[in-house]
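What you are looking at is a predicted structure, and each value in this text was computed from that prediction instead of being measured. Heavy atoms only: backbone and side chains are in, while hydrogens, waters and symmetry mates are out. First listed ligand is number 1; within each ligand, the first listed atom is number 1.
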Amino acid sequence: MKIDPIYIFRKTWATYQKVISHNLMFHREMLTAVKKLLESHPGPLNVLDLGCGDATHIGKMLNPGQVAEYCGCDLSPYALDVARKNLEPFGARVNLLCRDMVAVLREAPANHFDVVYSGYALHHLSLEEKQTFFTESRRTLRQNGQVILVDVMREEEQPRPAYLDSYNGAVAARWEALTTHERDQVQEHIRNCDFPETPTDLRMLAGKAGLTICRRLEKQTWHEAWCYSA
Ligand SMILES: C[S@@+](CC[C@H](N)C(=O)[O-])C[C@H]1O[C@@H](n2cnc3c(N)ncnc32)[C@H](O)[C@@H]1O
């Protein structure tokens, strides 16, 4: 049976909201680092957010006056309902799509966005789709535009099974804010659906797409924020 990579997000958004509110994936630190980068780009910016979820953090990374256009996409209608509320301060400049992020990216106009952002979603894609993410992002970016990626990443040289054991070990030991059932669900999701790359592998994919300048903005255990540009 094919496993639905976003089953947990489709079924219930509440578990992930708990993960965010207890900062179990370091959203706070990522927010601070990305906000600092974006402060040097007063805009107005065209922003594409791939796998936007409920947009809690992007809504805090950007000031409403900094945004000309925000397009977010996600496969979870529950998350998008919350995103609609979180993005109210951005008014009519918001466009939310319940669609696959690779399809949305492929159809994005060339030379249009200043920022392609993705938070904790890219690791759900195959290696080939991750390459498409960088290639198509490069195509849709304007001059001086950048990809900002927040995601889980394997340590260099760490194979996926070792990553899964370590991450799920941390969930068992430190995610006590979740119920046992919620922790089981999360661990199953990670085992079946998480395919994180190493920072070096991601840099190679970005480089192949012509995004040769890259910089790490933040790292907290396996949670990292990077920016890539041409
Ligand atoms: C861990 S959540 C991250 C949400 C938010 N970006 C954040 O940083 O908190 C991953 C999100 O990616 C979405 N997602 C996973 N694969 C996707 C795909 N192929 N297309 C669109 N959304 C996807 C899930 O529905 C989920 O909302």
Side-chain angles (χ1 to χ4, degrees), residues 2-35 38 47-62 70-87 94-108 115-134 136-137 147-153 167 171 175 178 182 185-197 217-218 220 222-227:
K2 190 172 183 310
I3 290 161
D4 177 356
I6 66 142
Y7 174 76
I8 193 167
F9 302 117
R10 261 194 242 271
K11 191 165 171 264
T12 161
W13 192 249
T15 304
Y16 189 62
Q17 279 182 318
K18 252 174 147 176
V19 171
I20 295 177
S21 66
H22 291 272
N23 202 34
L24 300 175
M25 292 177 73
F26 302 97
H27 278 83
R28 253 179 253 146
E29 289 79 359
M30 302 300 148
L31 165 62
T32 304
V34 175
K35 193 172 170 55
L38 289 171
V47 179
L48 179 61
D49 185 0
L50 300 165
C52 63
D54 64 14
T56 305
H57 287 84
I58 193 94
K60 293 178 185 157
M61 285 166 184
L62 294 158
Y70 169 92
C71 177
C73 72
D74 202 284
L75 288 170
S76 164
Y78 302 102
L80 291 175
D81 283 346
V82 185
R84 217 159 276 124
K85 281 210 161 6
N86 283 335
L87 295 168
V94 171
N95 182 21
L96 290 172
L97 307 168
C98 194
R99 293 193 57 207
D100 177 78
M101 59 191 259
V102 179
V104 168
L105 190 50
R106 280 186 198 280
E107 289 170 23
V115 174
V116 175
Y117 175 83
S118 185
Y120 294 128
L122 191 71
H123 65 277
H124 290 125
L125 304 186
S126 67
L127 187 64
E128 196 185 341
E129 288 171 323
K130 287 176 190 125
Q131 181 65 72
T132 303
F133 165 82
F134 283 110
E136 293 296 313
S137 293
V147 171
I148 302 178
L149 176 67
V150 173
D151 209 359
V152 282
M153 297 183 195
Y167 201 105
V171 170
W175 290 31
L178 303 190
E182 286 168 337
Q185 277 188 322
V186 167
Q187 289 176 320
E188 193 191 345
H189 166 78
I190 290 169
R191 261 193 310 277
N192 292 325
C193 309
D194 282 14
F195 298 90
E197 306 298 337
L217 306 173
E218 181 58 278
Q220 298 283 336
W222 305 278
H223 310 78
E224 304 206 16
W226 284 75
C227 67

Run the numbers for me: atoms of ligand 1, each under 4.0 Å from some heavy atom of [X], listed by number.
X      : result
Arg99  : 20 (N), 21 (C)
Cys52  : 5 (C), 6 (N)
His124 : 15 (C)
Asp100 : 18 (C), 19 (N), 20 (N)
Gly119 : 3 (C), 4 (C), 5 (C), 6 (N), 7 (C), 8 (O)
Ala121 : 12 (O)

Under 3.5 Å between any N/O of [X] and any N/O of ligand 1: does that happen in this structure?
X      : value
Leu125 : no
Asp74  : yes
Tyr16  : yes
Ile20  : no

Considering only heavy atoms, does [X] approach ligand 1 within less than 4.0 Å through its side chain, its backbone, both, or neither?
X      : value
Ser118 : neither
Met101 : both
His27  : side chain

In Å and rounded to the nearest 0.5 Å, what is the [atom1] to [atom2] distance from [X] to [Y]?
X      : Y      : atom1 : atom2 : result
Trp222 : Met153 : CH2   : CE    : 14.5 Å
Ile20  : Met25  : CD1   : CE    : 8.5 Å
Thr32  : Glu218 : OG1   : CD    : 8.0 Å
Met101 : Leu122 : CE    : CG    : 5.5 Å

Partner of Leu105 under side chain to side chain contact (heavy atoms under 4.5 Å, CB included), chosen from Leu50, Thr132, Asp100 = Leu50

inquiry  = Can you classify the ring geometry of His223 versus Tyr167 as parallel (below 30°), tilted (30 to 60°) or perpendicular (above 60°)?
reply    = tilted

request  = Select the closest option to atom 22 (N) of ligand 1 among Leu75, Asp49, Ile58, judged by heavy-atom distance.
outcome  = Leu75

Keeping [X] on the side-chain end and [Y] on the backbone end, is there a donor-acceptor pair under 3.5 Å?
X     : Y     : result
Tyr16 : Ala79 : no
Asn86 : Ala55 : no
Asp74 : Gly53 : yes

key: Any Met25 heavy atom less than 4.0 Å from ligand 1   =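 Judged by the 4.0 Å heavy-atom criterion, Met25 does not count as contacting ligand 1.
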
message = Could you check whether Asp54 and Thr56, counting side-chain N and O atoms only, form a donor-acceptor pair closer than 3.5 Å?
response = yes

